[in-house]
Amino acid sequence: MDIFPISLKLQGQVCLLVGGGHIAYRKAQLLLKAGAVLDVLAPAIEADLLALVEQTQGRFIQAAFTAEFPMAHYRLVIAATDQAAVNAQVFEVCEAHNVLVNSVDDPPHCRFMVPAIVDRSPLVLSIASNGTSPVLSRQLRTQLESTIPHGLGKLAEFSGQWRARVKAQIKNPEQRRIFWEELYASPLKEQVFYGQQAVAEQMMQQALTDWEMPKGEVYLVGAGPGDPELLTLKALRLMQQADVIIYDRLVSEPILNLCRRDAEKIYVGKARSQHSVAQDGINALLVEYAQQGKRVCRLKGGDPFIFGRGGEEIEELYAAGIGFQVVPGITAASGCAAYAGIPLTHRDYAQSVRFLTGHLKEGSPELPWSELVYENQTLVLYMGLVGLEEICAKLITHGQRPDMPVALISKGTTPEQKVVVGTLADIASKVKEHHIQAPTLTIIGEVVRLHEKLNWQSIPIA
Ligand code: SAH
């Protein structure tokens, strides 16, 4: 983080604008909104700006800037002249006096930057890009302007009025947070938005009277194959409301970053070599946290019900009488296939698709071989590279054509996705030529031929 966002209280604080033209006027309007007292230092001043200065009980100091000007007198300074050299000099003098300074449109001469603002006072959102892209910040502001209700400021104000009373009644901070979250999800919000103050007050009082310790529950959530944009809206909502996140190795870092920031995050992933980390332990953890009244998000790669042991986990919850819900995710087969341009079914090549995972028995995968050797069927193998060579050989032994196309997708849907294409006869050796990283998914079938044409991920954007 190259900049540190803060929210400055400027009511009654004397701030200086160097410059008396329209650039200074724009900044003055903002400072005025925040209640600052404005002094303007400039040889001449526009009438509009002078009016603002007078409105704040500030002074117009008619002079050119010099290094002797008493900068230390000011809480904050904005250099808004149309001369870069003067602005730079203002910056130097302010720095020497430890006064916060911004020089308009000149990031190297700024101690602070003025962000793009979404004003829902008392709620104020600021978006800053450290001077790299004001356009991007403004674009984001426009997006937020259209999605953040205008009444949200009223809601913040209303909450502020009740904060102390809620704190006095619900002592536990964790429970208090849940109280507010539930309140914001209730019809009270709308009442505040539409200014129905009396109704809202009554609802609030009722909510406080009725408040009781929430029951814990578990959300079994599919996080998809890697790309965070493949999360469902429901997954995201639950990830952001859970108190505890229990996640696997397959849950990518960017997805984890979308979880509630102050949720407790517990990693229970296991490397292949340490398969002994007991599923029982995870099940017990889910039960334990839920019994403490926590909302637990069990976050799993892909879809929790596809080779995800999701069933076992919720059986345990069911037995312990704990409430749960299941949120499907995009499974690796769908994600990898889409991002590699390999349709899993296709009128000309495959009318069925079969998802498989191979358990190794004495080093050999156990699969119903004769059922796998069909024309017009796509096979998707959910497993790592171990056993791939043997599976291909076995399929050939059981009658599959050695030139049947095979694609191996590594880290599908992530920026590091790699696709290796070959045939049953040569895919294993081709994979060895590349530095392939887990997780990997293998697709076997005629549909793989379409990859060459439909590989949209690698098509250069004109
Ligand atoms: N529940 C998960 C699958 C868990 S089994 C789902 O629905 O996707 C783990 C296997 O999934 C891995 O060994 C790998 O074969 C596959 N896999 C998961 N994510 C993947 C990805 N991003 N790229 C390639 N394969 C992946």
Side-chain angles (χ1 to χ4, degrees), residues 219-232 234-235 239 246-256 267-275 277 279 282-283 297-314 326-342 344 353-360 365-367 378-392 406-422 427-428 431 434-445 448 451 455 457-458:
Y219 318 129
L220 183 61
V221 175
D227 181 349
E229 290 198 63
L230 294 180
L231 280 171
T232 62
K234 194 166 197 173
M239 282 156 62
I246 299 183
Y247 67 100
D248 274 348
R249 188 165 52 105
L250 282 174
V251 176
S252 70
E253 187 75 27
I255 287 178
L256 219 51
Y267 174 70
V268 292
K270 41 204 171 207
R272 210 180 54 82
S273 53
Q274 301 169 301
H275 222 6
V277 177
Q279 179 69 37
I282 299 175
N283 299 353
C297 175
R298 172 70 176 113
L299 199 55
K300 284 169 166 293
D303 181 281
F305 279 2
I306 296 182
F307 307 128
R309 307 191 72 170
E312 293 163 52
E313 292 177 10
I314 57 177
V326 184
V327 181
I330 291 184
T331 189
S334 304
C336 294
Y339 280 51
I342 302 173
L344 293 178
V353 52
R354 188 156 177 158
F355 296 172
L356 303 152
T357 185
H359 281 297
L360 299 181
E366 269 197 313
L367 287 167
T378 306
L379 301 180
V380 182
L381 302 177
Y382 282 72
M383 50 191 290
L385 294 176
V386 179
L388 176 68
E389 189 163 5
E390 186 144 7
I391 287 175
C392 293
V406 181
L408 187 115
I409 298 131
S410 146
K411 296 192 161 187
T413 79
T414 74
E416 296 111 67
Q417 170 173 305
K418 274 190 187 157
V419 183
V420 182
V421 176
I427 189 74
V431 165
H434 295 79
H435 178 62
I436 293 296
Q437 288 181 310
T440 56
L441 185 99
T442 308
I443 302 178
I444 303 172
V448 170
H451 165 74
N455 181 22
Q457 281 281 51
S458 335

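Computed from a prediction, not measured in an experiment: that's the story for all the values here. Numbering of ligands and ligand atoms starts at 1, following listing order.
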Practice item. Sequence neighbours left out, what passes ring pair (Phe, Tyr, Trp, His ring centres under 6.0 Å) with Y247? Give chain and number order. Key: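 Only Y267 meet the ring pair (Phe, Tyr, Trp, His ring centres under 6.0 Å) criterion with Y247.
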
Does any non-hydrogen side-chain atom of [Y] lie less than 4.5 Å from one of [X]?
{"X": "V327", "Y": "T232", "result": "yes"}
{"X": "I246", "Y": "L299", "result": "no"}
{"X": "T413", "Y": "L230", "result": "yes"}

Side chains of residues 378-386: which donor-acceptor partners sit under 3.5 Å, not counting sequence neighbours?
| from | atom 1 | to | atom 2 | distance (Å) |
| --- | --- | --- | --- | --- |
| T378 | OG1 | L344 | O | 2.7 |
| Y382 | OH | T331 | OG1 | 2.5 |
| Y382 | OH | A333 | N | 3.0 |

**Study point:** Results of salt bridge (charged side-chain N to carboxylate O under 4.0 Å, His left out) for E416 - residues two or more places apart only
**Key:**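 Result, salt bridge (charged side-chain N to carboxylate O under 4.0 Å, His left out) vs E416: K411.
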
Exercise for review: Check each protein residue for a heavy atom under 4.0 Å from ligand 1 and list those that pass, ordered by chain and number.
Suggested key: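 Residues near ligand 1: P225, L250, G301, G302, D303, I306, F307, T331, A332, C336, Y382, M383, I409, K411, G412, P439, T440, L441.
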
